[in-house]
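Read through the structure below, which is laid out as structure tokens, and then see the notes.
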2 protein chains.
Amino acid sequence: MPQQKKPQNPSVKDKKGTKTSKSLIKRLPVYLRILDNLIRRDVDIISSRVLSDETGFTAEQIRKDLATFGAFGTRGTGYNTSYLREKLLKITGLDKQIRIVVVGSGHLGKALTRYNILKNPYVEIAGIFDANPAELNTEILGIKVQAMEDMPRLIEEQSIKVAMITVPAEVAQAVVDLLVENGISAILNFAPTKLRAPAGVHIHNADLTIELQSLIYYSLEREKE
Amino acid sequence: MPQQKKPQNPSVKDKKGTKTSKSLIKRLPVYLRILDNLIRRDVDIISSRVLSDETGFTAEQIRKDLATFGAFGTRGTGYNTSYLREKLLKITGLDKQIRIVVVGSGHLGKALTRYNILKNPYVEIAGIFDANPAELNTEILGIKVQAMEDMPRLIEEQSIKVAMITVPAEVAQAVVDLLVENGISAILNFAPTKLRAPAGVHIHNADLTIELQSLIYYSLEREKE
DNA sequence: CAGTCTGTGTTAAAATATTAACAAGTTTGT
DNA sequence: ACAAACTTGTTAATATTTTAACACAGACTG
């Protein structure tokens, strides 16, 4: 078991100050997941080649991605899994437990809440809200659905910055406005509609019908040139 | 209401024979959704500028995207909504009703199935399958969950090419192998794991924890340079 | 029916992202 | 202690994607 010198690069930001690309940021959680698995299996050192096998990204890309934030590996050896994990947690902001709110407790909202409680170790569901009185106080793995009126207080008290919305498209914009008004700065939107938010508020769209529909394109037999 | 000449470009393929980019293909269903809305509101003509407002993509990008497949608009006027919709349906392959199978009838599988039945007009759920006998014959909007053993027959009888899998990561690869063996050529994977498939089989990963985790990065206050 | 206006389609430029090549450290074996 | 085998991090080259610019076609106006 080779002893590793831990390179020092305390900064979380991109070295050059260039803004890090969206696609890169999306790969970071994948690295993190693989590292979690490796650490669970007591693997101490991992090379970019093996990471490539596990993630499907090329080894070159992985090295480049990681080098964006600093020199985390050891030449001739590879990356220390625990050390790299720590670094990636810091970079992504997942080193601190992140609390989020979910708005919309329909079937999809419930399933996604469950899913994140069970499978997402880095995110904690602080509250679920729904406008439908019939949903009130129904439970999802012990978390009670609350009325929309109670949302602002919770967000403020726990300084929550991230929200996931699974409401009908017709009301999605109103919900976004309300969330932003109360200090939310990042929203994962599952409603199939374009949402507007002031600069500084990040909206990611996860339109599930689009995923499936764009996949159809690739399912067609196409004669390759 | 200006009369439009419908330009002719019968081919669905990229004009130059260059392979069309992944990101472009993902935008097509968005255009399609907007067009559906416009047509429902009896809007006949739409400009790239207005499409830009509705989709969030730039007008230039929209024009370029559409021009990839042919000249569908009328200079000085815009695009005929119905005509453009027809063209896009053909390009994406959504002009024919597409049948898919779902494997995994857990909470997420059920919710996604429901969601697609209700919200995705272009895709028909032909069957849901689960390895857990307890799930057998439970219903989702009238569709009965079937045993895995019954899957090959259904896929063959209906020549299904697309599958959505929401099974635990541990068994995902085995499920993919089985699906591919039976002729599936495109898979939407919700399991948080890298899957292998022979060339020609397309796998799209829709890892929901990753969406949320990468969003966290953007929720952090970062001093801009 | 010339002239103006509008908005597409195309071509060129710029910005991003990926791939490749290789120099520079590390470890291992002899 | 030196050479061989590895594997990172960096720099350069390539490819892709996005943005911009503008020529061109149709439509409306007087």
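Chain identifiers are assigned alphabetically (A, B, ...) following the order of the sequence lines, protein sequences preceding nucleic acid strands; residue numbering begins at 1 within each chain.
Counting to the nearest Å, the C1' atom of D:dT8 and the CD1 atom of A:I46 are 14 Å from each other. In this structure, the CZ atom of B:F69 is 14 Å from the P atom of C:dT10, given to the nearest Å. Spacing between atom CD1 of A:I45 and atom C1' of C:dT26 amounts to 12 Å, rounded to whole angstrom units. Nucleotide C:dT16 holds its P atom 16 Å from the CG atom of A:D65, rounded to whole Å. In this structure, A:Q61 atom CD and D:dT16 atom P are separated by 14 Å, rounded to whole Å. Note: CZ (A:R49) to C1' (C:dA20) measures 13 Å, nearest angstrom. One atom, OH of A:Y83, and another, C1' of D:dT8, lie 14 Å apart when rounded to the nearest Å. Regarding A:Y79, its OH atom lies at a distance of 12 Å from the P atom of D:dT7, rounded to whole Å.
Residue B:K64 places its side chain closer to C:dT11 than to any other of C:dT26, D:dT10, C:dT11. Residue B:A67 has its side chain nearest to C:dT10 when only D:dT8, C:dA20, C:dT10 are considered. Considering only side-chain atoms of B:S48, the nucleotide from C:dT18, C:dT8, D:dG9 that sits closest is C:dT8. Proximity note for B:R63 (side chain, C-beta onward) versus D:dA21, C:dT26, D:dA27: the nearest is D:dA21.
Of the two residues near DNA chain C, A:G76 and A:K22, the one whose nearest nucleotide lies more 5' is A:K22.
Taking 3.5 Å as the limit, the base of C:dG9 and the side chain of B:R75 contain no donor-acceptor pair of atoms between them.
Of the side-chain N and O atoms in A:T58, one or more sit less than 4.0 angstrom from OP1 or OP2 of C:dT19.
Contacts of residues 23-36 of chain A with DNA chain C (heavy atom under 4.0 Å): A:S23, A:R27.
Taking B:S47 as the reference, B:R49, B:V50 meet the side chain to side chain contact (heavy atoms under 4.5 Å, CB included) condition, with sequence neighbours excluded. Partners of B:R99 under the salt bridge (Lys or Arg N to Asp or Glu O under 4.0 Å) rule, at least two apart in sequence or in another chain, do not exist in this structure. Residues forming a salt bridge (Lys or Arg N to Asp or Glu O under 4.0 Å) with B:R27 (at least two apart in sequence, or on another chain): B:D65.
Taking CD from B:Q213 and CD1 from A:I98, the interatomic distance works out to 10.5 Å, rounded to the nearest 0.5 Å.
The stretch residues 174-196 of chain A participates, sequence neighbours left out, in no salt bridge (charged side-chain N to carboxylate O under 4.0 Å, His left out) pair at all. Sequence neighbours left out, the pairs with a member in residues 203-219 of chain B that pass salt bridge (charged side-chain N to carboxylate O under 4.0 Å, His left out) are A:K26-B:E211, A:R33-B:D207.
Taking the six-membered ring where tryptophan is involved, the planes of B:Y218 and A:H204 are tilted, since the angle between them lies from 30° to 60°.
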